[in-house]
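Input: a single structure, listed below in structure tokens.
Computed from a predicted model, the values in this text were never measured in an experiment. Numbers restart at 1 for each chain; the letters A, B, ... are given by sequence-line order, proteins then strands.
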Amino acid sequence: MAFHELKDISVREYCAQKIAEPLGLPAGEVTQNFAEPPDSSLGDLSFKTFSLSKKTGKPPHVLASDISRGLKDIEEFSVEPAGPYLNISFNAPFVCSHAVRRSLGAGSFWGVSDKGKGKTIVIDYSSPNIAKPFGVGHLRSTVIGASICRILRHTGYDVVGINHLGDWGTQFGIILAGLEEEKIDLSSLGSGALRKAYEIYVKYSALSKENPAFMDKARSWFSRLEKKDPDALKFWETIRESSLNEFKKTYSRLGIEFERYLGESFYFDKTSSVLDMFAEKNLSKKDQGATIVPLEEYGLPPVLLTKSDGSTLYSTREIASALYRLSEFNPFKLLYVVGIPQELHFKQLQAALEKAGIIDKEKIVHAGFGHIQGMSSRKGNLVFLEDFLEEAASRAKTKIREGEHAQAEGADPDELAFSIGAGAVIFNDLKNKRTRDVDFDWDRALSFEGETGPYLQYAHARICSILRKAGDFREDPSLCLSLESQEEKRLALAIDSFPEHVLKASEEYEPSVVSRYLLALAGDFSTFYHSHRVLSSDNTIMQARLNLLKACKSTLSQGLSLLGIKPVEVM
RNA sequence: GCCCUCGUAGCUCAGUGGAUAGAGCAUCGGUUUCCUAAACCGGGGGUCACAAGUUCGAAUCUUGUCGGGGGCGCCA
């Protein structure tokens, strides 16, 4: 394969093929042994010969020099043996023109692959509890889940995003019992109903922990709800309706849409068939009045299907929902973006369904995330998402005023401030591996400097600014054959590796792969930007750099969109 | 008690078998008659919790110890 035949593989893959061919190896085996050289002066990429040495019996340093001798005539890169390593230096014009051709050629499909073609992934995320305000804690599942959805779609999967609202359960018993205690008619409160319900919930859930008599009352109210008692249902509907309206406002501001809102209540009347199924298969039994499914063979505690009063549990409804999703969508995977504290429950869910012969447990994937600690406002209370976004936007607005640049460009300051503030907040939740616990720090989460969302948006805005000033130019990747510098080559290499990072992110259900990649890309851009002028340089060079920048802009923009951050054109 | 997870620079984190362990923040110094300084360049700062083991080679794999967090049938 020669230079001009390279259509949609990265220079990295091309290089792997060139090394693999004479060795009679699959290119993938070479890719696995690629590494970053410790110092960029050694090369752009290095190949480790250790595992090949194990196979062939030849010492690593001999292999390195043997291979390098066979690759002397390749024009796209040069190789230099260094002990057991083979250091590879790409030819800058080749890399620049290739990366630009690939990315601009793909247009809005840049980074898209067909790996998931024909496969459906059902993803459960956000799933807030009704009757509780939407806090910063819930932002994590929402933002991570929404990003995974976009990444999976980019990888070709059909994605069904489901909001599994916590709209059923004993918590409603607590609220209803509390309302009875205080003789409050919720439906007469109109728009204040939600706030009142939350007040009641906070007050009485604390009470229920130390007062068993009250807890019994709450349980009996929930039992009435499950028996469709009209009074109970009426209050429940009022609370559900007003909560859902609030949530939808927030989702819409963040650009998030769900395919389905299917809360726990939706599965309530489907739980009896779950009970029947486990009973028919002889897998469930009564224990101290409750119905359980033992899971000893999985080394797990039993899962409870009913309480001793016969009412269902979270786990029952979870099983019902899994059965529903399986039959409704025929999915490749059922993905759950839910906190790590619930890991055991998902292991039980996998085990119970596998034991019942319904699925292999690998079909259920718990993409867990670490929980947030130390999350409180300076007053010491729960941080409400709306307040948080507002504070972020207000800080961004101050910055915009200081800069005066966005104003000059005629951007809407409120809209822009929101995009930047939200960019900081969202990126703060996506920049680290999702499994990490988060030490919440208000000021750090709202920072606009360093490894932040606004840093990425800023890089994007600067490119946009240059392109605006440049006006029309000839879009032609081959112009980039005139680019020779180290900074341009590094930027092009980064651009070229976008698709493989998207793919990795989708395989690991891990948005931070994209986040980290974008930080590196923006860093390469900034370094380039400060060492080379674009406008008012030699015309050929300028045209070439404009092409390179356009490719970089496209990549930043695609990447930011995958994270749910708006790639703003002005800052 | 049992199970899971984390422990890397002052702080927040990258880095899952290979070259002198990286980044951001903070700190110190430099860059603005130059496409936006929300940026860039450089300095200082680490016995990768500890111990043993596997390996030619370990921050990375195994075991143990210590420390943080989480979970363990009628909450979700």
Consider the side chain of [X], meaning its heavy atoms from C-beta on, and name the nucleotide among [options] that approaches it most closely.
X	options	answer
K433(A)	rU36(B), rC13(B), rG15(B)	rG15(B)
S465(A)	rC35(B), rA38(B), rG69(B)	rC35(B)
N87(A)	rA38(B), rA19(B), rC40(B)	rA19(B)

Please tabulate, one pair per line, each protein N/O and nucleotide N/O from nucleotides 23-26 of chain B that are separated by under 3.5 Å, including the distance.
residue : atom : partner : partner atom : Å
rA23(B) : O2'  : E451(A) : OE2          : 2.8
rG24(B) : O4'  : E451(A) : OE2          : 3.4
rG24(B) : O2'  : E451(A) : N            : 3.2

Please check the phosphate of rU36(B) (OP1 and OP2 only) for any side-chain N or O of K469(A) closer than 4.0 Å. yes
Does rA37(B) have OP1 or OP2 under 4.0 Å away from a side-chain N or O of R462(A)? yes
Name the nucleic acid region contacted by [X], choosing base, sugar-phosphate or nothing; use a 4.0 angstrom heavy-atom cut-off, strictly under.
X	value
V303(A)	nothing
P341(A)	sugar-phosphate
Y455(A)	sugar-phosphate
H532(A)	base
Q342(A)	base

Residues in residues 398-429 of chain A with a heavy atom under 4.0 Å of RNA chain B, by number, are K399(A), I400(A), H405(A), I420(A)
Salt bridge (Lys or Arg N to Asp or Glu O under 4.0 Å) filter on K355(A), not counting sequence neighbours, yields E297(A)
Salt-bridge criterion met for K504(A) and E500(A) (N-O under 4.0 Å) = no
| salt_bridge(D44(A), K489(A)) N-O dist < 4.0 Å | yes
Across all chains, not counting sequence neighbours, the side-chain hydrogen bond (donor to acceptor under 3.5 Å, both in side chains) partners of N33(A) are S51(A)
Would R436(A) and H371(A) satisfy side-chain hydrogen bond (donor to acceptor under 3.5 Å, both in side chains), going step by step from the backbone distance to the final call?
-> CA-CA 8 Å; R436(A) 266 200 104 87; H371(A) 60 266; over 6 Å; no
Check: protein-nucleotides 72-74 of chain B nitrogen or oxygen pairs below 3.5 Å:
residue : atom : partner : partner atom : Å
rC74(B) : O2   : S308(A) : N            : 2.6
rC74(B) : O2   : S308(A) : OG           : 3.1
rC74(B) : N3   : S308(A) : OG           : 3.0
rC74(B) : N4   : Q288(A) : O            : 2.7

(request) Verify whether the ring centers belonging to Y314(A) and W168(A) lie closer than 6.0 Å. (result) no
Using a cut-off of under 3.5 Å, enumerate the N/O to N/O pairs linking the protein to nucleotides 5-7 of chain B.
none

Give each protein N/O atom lying under 3.5 Å from an N/O atom of nucleotides 41-47 of chain B, with the pair distance.
residue : atom : partner : partner atom : Å
rC41(B) : OP1  : T527(A) : OG1          : 3.1

Run the side-chain donor-acceptor check on residues 54-61 of chain A: report pairs under 3.5 Å with partners two or more places apart or on a different chain.
residue : atom : partner : partner atom : Å
K55(A)  : NZ   : E29(A)  : OE2          : 2.2
T56(A)  : OG1  : L52(A)  : O            : 3.0
T56(A)  : OG1  : K58(A)  : N            : 3.2

When rounded to the nearest 0.5 Å, the distance separating CG of N163(A) from CG of D124(A) is 8.0 Å
task: Flag this pair as yes if the NZ/CZ of R317(A) is under 6.0 angstrom from the six-membered ring centre of F268(A) and inside a 45 degree cone about the axis; otherwise no.
output: no
Per nearest nucleotide of RNA chain B, the residue lying toward the 5' end, F47(A) or Q171(A), is F47(A)
Dot-bracket for RNA chain B, 5' to 3', Watson-Crick and G-U pairs with both distances under 3.5 Å, [ ] for crossing pairs, | for partner on another strand, reads ((((((((.[[[[.)..(...]]]].(((((.......))))).....[[[[[..)....]]]]])))))))....
With H366(A) as partner, the option from Y125(A), F346(A), Y336(A) fulfilling ring-ring contact (aromatic ring centres under 6.0 Å, His included) is F346(A)
Show which side-chain atoms of residues 419-426 of chain A pair as donor or acceptor with protein atoms under 3.5 Å away, not counting sequence neighbours.
residue : atom : partner : partner atom : Å
S419(A) : OG   : E415(A) : O            : 3.1

I need the [atom1]-[atom2] distance between [X] and [N], as an integer number of Å.
X	N	atom1	atom2	result
M571(A)	rA37(B)	CE	C1'	13 Å
D437(A)	rU12(B)	CG	C1'	14 Å
N432(A)	rG15(B)	CG	C1'	13 Å

Note: V293(A) and F278(A) closest approach over all heavy atoms is CG2-CD2, 3.8 Å
E391(A) side chain near W442(A) side chain, heavy-atom distance below 4.5 Å | yes
May I have the list of side-chain donor-acceptor pairs in residues 396-410 of chain A shorter than 3.5 Å, sequence neighbours left out?
residue : atom : partner : partner atom : Å
K397(A) : NZ   : D414(A) : OD1          : 2.5
T398(A) : OG1  : S394(A) : O            : 3.0
K399(A) : NZ   : E449(A) : OE2          : 3.4

Please enumerate all protein N or O atoms sitting under 3.5 Å from an N or O of nucleotides 56-63 of chain B, with distances to 0.1 Å.
none

